[in-house]
Amino acid sequence: MTTPETETHTPTSAAAPPVYIDQLAAHVGTTVTLHGWLYNLRSSGKLLFPQLRDGTGVVQCVVFKKNVSEAVWDALKHLGQESALIVRGSVRADERAPGGFEIDVLDAEVVQAVEGYPITLKEHGTEFLMDHRHLWLRSRRQHAILKVRHTVIRAVRDFLDNDGFTLADAPILTPAACEGTTTLFEVDYFEDEKAYLTQSGQLYNEATAAAFGKVYCFGPTFRAERSKTRRHLTEFWMVEPEMAYATLDDVMNLCERFISYIAARVLDERKEELKVLERDTSKLEAIVPPFPRLHYDDAVKLLHEGHTRGELENRFEWGGDFGAPDETYISQQFDRPVMVHRYPAAVKAFYMKRDPERDELALGVDVLASEGYGEVIGGGERATSLEYLEAQIKAEELPRESFEWYLDLRRYGSVPHAGFGMGIERCTAWMCGIEHVRETIPFPRMLYRLRP
RNA sequence: UGUGGUCUAGCUUAACUGGCAGAGCAUCUGAUUGUUAAUCAGAACGGUUUCGGUUCGACUCCGAAGACCACAGCCA
């Protein structure tokens, strides 16, 4: 029943400030106006339970027939899912309501009545949902995932900004590859020259690091890999910090603090969302320094033991890069992320510095996320020698002209420097504990997905 | 690109060894003063992704194409 308090309000009362659903706790006992969309509607005779969604949350409203005009009652009675709706009512704490608060509706205005919204609260397949991605974003789970993404990105920026890094973004249109040439998107625009969408801001970071000391770039990255796995997107967002006068060890220390900070922020700011996602938060609480540091040789040993025990199908050969099952096996041996360092130079990018102790190794590090989420970070120390890089560019058959500016960095004040790149979507999927990276970006672009 | 799998109503799906395509949700109509992906009653909705074949008869078997999914390689 209505409380005496709410009955003192008349429908024409002016004191009904607009508020957002996540602010309702501060307005208990007062009359407010909510602007949103109908999430779901249940009825029980002279009683309606419209659930209203406004982008900040979902709240259950209660409409008693005797509390509203006949016109309002009739308008609400048959309202379809996702109808646009403005509701005025009093806020009441109620244990029976999901979320803890309820709105006793005094008045409502239907902005648009909707019929036949395609996404119901029941089960749907991924293909159908992806075809309706523009609407799917409204559902509770997607909302939670993208809120976590938002927090991951804020944490990334806050961490680096507070740690003395300067944002210096790299260009998206580039004249040449930084890594493999086979995975580049070509852009036909510049006269007499082909351009490509960036695969990494890495090389440009090395220039800005020499100007600012500690820098990062953060933007979209494009890889025309013909891969369609739960860990790959064609277009994804990557943050890449780079530090002058820094070594592989400095990078590993940074990775550790960086990822731990992100996990802590997500745990702190996204409790509700993690609950919606049914995330086992103990897995995130375990992400604290120090992370195990595993030499490539020792990682290979670990894989051999796994194979001997029959836990890995194929015996890993020293010299290769780890496959997905290998990464999963390695990360399963630890309760937190693992940093594997000093890979064979042959499988790493041309700009990696060689290990002075063992020339066949590169001073690179991959951070393998726990729970089989795979490589979230790849990085390392960069080569400083002009002669070495000239030889590498030749060996990789890269167009020398396009790299002259890069070689200048080795001619004028070349110092040890190091950095890494982290994929935002892989990190977000890991934080959320979800199967596939495609849900961690508003509009995923994949091998067979360009729309919507 | 390779290997394996799936495709039935708007959605999620059932249909035995080849024998009348069946349900739930959504939609529409009504009931219900505390519903929680509400419930109850009623109505309407498909000829099985496409093309070809075998058969008295094909959702079911065969061939091809398409779409999608998983895994692998590659990477963040």
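Per chain, numbering begins at 1; letters A, B, ... match sequence-line order. Only a predicted model underlies this, so the values are computations on that prediction, with no experimental measurement involved. Values below: every heavy atom of this structure, side chains too, minus hydrogens, waters and symmetry copies.
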Classify the side chain of A:Q60 and the base of B:U35 as holding, or not holding, a donor-acceptor pair under 3.5 Å.
yes

Once you apply a heavy-atom cut-off of 4.0 Å, does A:G378 come out as touching a base, just sugar-phosphate, or nothing?
sugar-phosphate

Does any donor-acceptor pair link the side chain of A:H232 with the base of B:C75 at a separation under 3.5 Å?
yes

With rounding to whole Å, what would you report as the distance between B:G47 and B:U8 at their P atoms?
13 Å

Is there a ring pair (Phe, Tyr, Trp, His ring centres under 6.0 Å) between A:F291 and A:F334? Walk through the geometry before answering.
CA-CA 9 Å; A:F291 298 171; A:F334 303 92; over 10 Å; no

For B:C68, does the base pair up with any side-chain atom of A:R449 as donor and acceptor (N or O, under 3.5 Å, distance only)?
no

Roughly how many Å apart are B:C62 and B:C16, using the P atom of each and rounding to a whole number?
15 Å

Counting side-chain heavy atoms from CB outward, which of B:A37, B:C74, B:C68 is closest to A:E123?
B:A37

Polar side chain donor-acceptor pair, A:T56 to A:D54, under 3.5 angstrom
yes

Note, RNA chain B 5' to 3' with Watson-Crick or G-U pairs under 3.5 Å encoded as ( ), [ ], | and . gives (((((((..((((.....[..)))).(((((.......))))).....(((((..]....))))))))))))....

Would A:E256 and A:R336 pass as an ion pair if we require N to O under 4.0 Å?
no

Taking the ring of A:F258 and the ring of A:Y216, is the distance between their centroids below 6.0 Å?
no

Without hydrogens or angle criteria, can the side chains of A:T208 and A:E242 be said to hold a donor-acceptor pair below 3.5 Å?
no

A:E225 side chain: which of B:G73, B:A67, B:C75 is closest?
B:C75

Winner on side-chain proximity to A:K228, out of B:A67, B:U1, B:A37, is B:U1

